[in-house]
Amino acid sequence: MSQELSEQEEQRRLTLQKIRELGMEPYPAEAFEVTHFAESIKAEFQEHQTVQIAGRMMSQRIMGKASFAELQDSSGRIQVYFNRDELCPGEDKTLYNEVFKKLLDLGDFIGITGQVFKTQVGEISVNVTSFKLLSKALKPLPLPKTDADGNTHDAFTDPELRYRQRYVDLVVNPKVKETFVTRSKVFSVMRKIFDQHGFLEVETPILQPIPGGAAARPFITHHNALDIPLYLRIANELYLKRLIVGGFDGVFEFAKDFRNEGMDRTHNPEFTVMELYVAYKDYRWMMEFTENLLQEIALAVCGTTEIRVGQNNISLKAPFKRVTMREAILEHTGYDIADKSEEQLRSICAALNIETQPEMGVGKLIDEIFGEKCEGNYLNPTFITDYPIEMSPLCKRHRDNPSLTERFELMINGKEVANAYSELNDPIDQRERFETQLQLSERGDNEAMFIDQDFLRALEYGMPPTSGIGIGMDRLVMLLTNNHSIQEVLFFPQMRPEKTVSLSELDKAILSICTDTAQLLSDARSKVDCSNKQWDLSVKHLTKNQLVKVYKEQDELLIKKV
RNA sequence: GAUUCCGUAGCUCAGCUGGUAGAGCAAUACACUUUUAAUGUAUGGGCCCUGGGUUCGAAUCCCAGCGGAAUCACCA
């Protein structure tokens with residue numbers, strides 16, 4: 001960690017020294033009493049009111065014996081006024097001349113006491129009578145400036161830096177903070193509504209012996225004491241249904257799920273889903289509940305149901321449109337998929353220029369057509385209903401058509417936001433569906449579901465008719481905050497580790513010998529000129545940093561690049 | 001995984017067809033008692049992402065790597 005300090009960082013460390021030499025503590029232990037916030041002082045202007053505020057000093061305009069600075073607290077910024085002779089009425093002007101003018105840096109936390117007033121230009125400010133350094137900043141913040149026309153200059157925009165150092169992003173970019181405040185509000189509004197319905201917030205295991213409830217590749221870990229593999233959950237559905245079996249009428253969980261798949265604008269390896277299960281309801285009830293829920297969230301969070309997302313105006317006013325999967329495909333492609341065989345669907349795909357894989361069954365093929373030709377068209381909220389049974393192994397058969405299920409997905413802005421079922425509670429049907437999944441998996445679908453015997457046992461004890469829904473919280477927040485990327489709505493999106501490993505000459509030499517194809521360790525050894533000890537050390541260093549891999553295969557030690 | 005683009009001061013970015021590295025803000029010093037992108041004068045600050053190559057000479061051209069972004073592919 002011994003990084004070279006920049007000129008400015010050296011400077012601030014020197015300043016820190018000087019502060020201590022003056023007998024001041026740059027990181028005091030005692031609390032500072034805050035009586036007001038920047039925004040409330042401005043909103044409820046009261047001339048001469050005495051206030052104590054605390055925050056970061058974000059700008060300084062020094063004009064000899066008087067100065068202005070801006071203080072930023074959790075609510076926003078307010079201008080503060082330092083006058084030498086008011087701050088230091090006696091002979092000793094150190095506090096102003098030295099401490100304020102020289103020893104305070106932008107980004108430092110200070111607490112001030114002063115009186116509210118309006119400047120000649122009309123800006124509400126605080127006239128400082130005393131101030132105290134609360135915490136010294138040793139690194140300079142990037143400091144965007146806003147001019148009279150509201151244009152921002154030198155904004156801190158580099159996405160890599162913004163995500164890796166979100167704390168800086170939050171200090172410096174108020175919009176970012178707003179996004180996360182909105183995110184939090186969405187969660188609390190939903191909790192409130194669920195609470196009003198008498199639903200119970202629950203917690204279910206994140207470490208699961210069988211990763212069920214969805215089709216996705218899991219992260220795997222190991223429990224030492226039990227010596228078993230455990231999976232990070234890809235969904236919590238099966239556990240929540242067990243709770244319905246146990247007699248709760250409504251349960252919900254805001255759950256972090258984990259999927260070991262690609263990352264892009266709409267996917268992060270860990271993401272948040274809200275799942276809700278309500279007994280004695282069906283998916284029609286759930287549609288009504290969902291549209292009212294979203295409408296209320298929009299009103300509470302945006303103050304309106306009419307939101308703008310990118311180029312599109314979207315109305316979250318209930319009720320939402322309902323379109324069956326069959327109608328959707330018929331409308332956008334002209335093909336009727338009802339009662340079509342796998343072969344027929346495959347030729348429809350061919351006619352529509354949609355690529356197919358041999359392991360795709362009826363469900364996947366239909367999903368492919370919908371995803372390719374229909375999904376993107378639904379900007380305003382639309383319930384797509386009645387999915388083919390092959391795509392929905394946990395969903396109850398449709399009451400009017402046994403080849404369909406009672407399922408809907410809610411599409412907004414061309415993307416899936418929610419997925420809901422009349423839950424399958426027939427244990428025998430459920431077992432058969434799992435077995436079909438197993439066959440798909442044997443056919444090469446590496447996302448087909450595992451069979452959870454305990455879940456089937458639970459169903460055999462009887463689960464009341466139930467409707468359940470999962471809402472992708474990150475995507476919902478993206479919609480409501482008009483953000484284009486999931487990284488913008490996660491505080492700490494997953495990034496490649498930034499640490500670059502420092503390699504010795506020998507490390508580099510060995511690394512250059514290793515390739516993607518494995519070779520015998522002894523062969524690699526013979527190509528490098530060094531002592532055995534050096535070799536051993538270097539290879540261990542490289543494997544520890546995941547640059548090469550050494551492993552055994554049929555009693556041969558092999559080495560290859562990772 | 002594929003393609004394209006990007007990586008230069010604390011931040012935002014210039015730097016042409018190769019010739020010892022530039023601006024604004026930030027920093028340092030001085031001046032200035034109601035400013036607000038405060039102002040004026042002066043000063044300091046760089047492994048030009050890393051490693052190779054071409055060349056008398058590379059921030060610049062070529063190759064490889066690392067990191068990021070976008071588009072596509074994958075993804076319930």
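Computed over heavy atoms, backbone and side chain alike; hydrogens, waters and symmetry mates excluded. Residue numbering restarts at 1 for every chain, and letters A, B, ... go by the order of the sequence lines.
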With both distances kept under 3.5 Å, what pairs with B:rA29, Watson-Crick or G-U wobble? B:rU41
Would you say the base of B:rG44 and the side-chain of A:E7 have a donor-acceptor pair closer than 3.5 Å? yes
Considering heavy-atom distances to RNA chain B, does A:S59 or A:M495 have its closest nucleotide positioned more toward the 5' end? A:S59
Counting just side-chain N and O atoms, does A:Q60 come under 4.0 Å of either OP1 or OP2 of B:rA26? no
Any heavy-atom pair between the side chains of A:I412 and A:L294 that's under 4.5 Å? yes
Under 4.0 angstrom between A:K101 side-chain N/O and B:rU33 OP1 or OP2: no
State the pairing partner of B:rC13; accept Watson-Crick or G-U wobble contacts with both distances under 3.5 Å, and report none otherwise. B:rG22
Spacing of A:E160 atom CD relative to B:rG68 atom P, expressed in whole Å: 6 Å
Picking from B:rU34, B:rA76, B:rG67, the nucleotide nearest the side-chain atoms of A:R496 would be B:rG67
Distance-only donor-acceptor test (3.5 Å): side chain A:E123, base B:rU36: yes
Paired nucleotide for B:rC48 [Watson-Crick or G-U wobble; both distances under 3.5 Å]: none
Check whether any side-chain nitrogen or oxygen of A:K364 sits under 4.0 Å from OP1 or OP2 of B:rC75, and answer yes or no. yes
Mind checking who B:rU34 pairs with, Watson-Crick or G-U wobble, both distances under 3.5 Å? none
Quantified in whole Å, what is the P atom distance between nucleotide B:rG53 and nucleotide B:rU60? 14 Å
Can you tell me how far CD of A:Q79 sits from CZ of A:F68, rounded to the nearest 0.5 angstrom? 5.0 Å
Can you see if the side chain of A:R61 gets near the phosphate of B:rA38 - specifically, an N or O under 4.0 Å from OP1 or OP2? yes
Closest approach to the side chain of A:F117, judged atom by atom: which nucleotide of B:rU33, B:rU34, B:rU12 is it? B:rU34
Counting only side-chain nitrogens and oxygens, does A:R265 get under 4.0 Å of the OP1 or OP2 atom of B:rA69? no
Compare the minimum distances between each of B:rU34, B:rC11, B:rA76 and the side chain of A:Y81, then state the nucleotide with the smallest one. B:rU34
Return the nearest nucleotide to the side chain of A:D264; candidates are B:rC74, B:rU34, B:rC11. B:rC74
Protein-nucleotide distance (A:L143, atom CG; B:rC25, atom P), rounded to Å: 13 Å
Could you report the tightest heavy-atom contact between A:E270 and A:K256, atom names first, then the distance? OE1-NZ, 2.9 Å
If pairing means Watson-Crick or G-U wobble with both distances under 3.5 Å, then the partner of B:rU4 is B:rA69
Suppose we define a pair by two distances each less than 3.5 Å, Watson-Crick or G-U wobble; what does B:rA76 pair with here? none
Separation between the P atoms of B:rU43 and B:rA69, rounded to whole Å: 41 Å
CZ of A:F370 to CD1 of A:I337, rounded to nearest 0.5 Å, is 10.0 Å
Between B:rU71 and B:rA29, how far apart are the two P atoms, rounded to whole Å? 47 Å
d(CG, A:N97; C1', B:rA29) in whole Å: 15 Å
Phosphate-side-chain proximity, A:K145 and B:rU36, N/O vs OP1/OP2 below 4.0 Å: no
Tell me the interatomic distance from A:R164, atom CZ, to B:rA69, atom P, rounded to whole angstroms. 8 Å
Anything under 30° is parallel, anything over 60° is perpendicular, the rest tilted; go ahead and classify A:F252 against A:F254. perpendicular
Let me know, please, whether A:P144 or A:Y163 comes out on the 5' side of the other along RNA chain B by nearest nucleotide. A:P144
Looking only at N and O atoms, is any donor in the side chain of A:Q8 or the base of B:rA26 less than 3.5 Å from an acceptor on the other one? yes
Polar side-chain contact A:Q120-B:rU35 base: donor and acceptor under 3.5 Å: no
Select one nucleotide: of B:rU12, B:rA27, B:rU35, the one nearest the side-chain heavy atoms of A:S125. B:rU35
side-chain contact (heavy atoms from CB on, under 4.5 Å) between A:F100 and A:R84, intermediate numbers included: CA-CA 10 Å; A:F100 171 72; A:R84 188 190 69 180; over 6 Å; no
Look at the side chain of A:T157 and the base of B:rU12, then say whether one donor and one acceptor between them are separated by less than 3.5 Å. no
For A:I354 and B:rA73, give me the distance from atom CD1 to atom P, rounded to whole Å. 12 Å
Can you find a side-chain donor-acceptor pair between A:S75 and A:E39 that sits under 3.5 Å? no
Measure from the side chain of A:H267, starting at C-beta and using heavy atoms only, and say which of B:rC75, B:rC11, B:rU36 lies closest. B:rC75
Quantified in whole Å, what is the P atom distance between nucleotide B:rG52 and nucleotide B:rU39? 45 Å
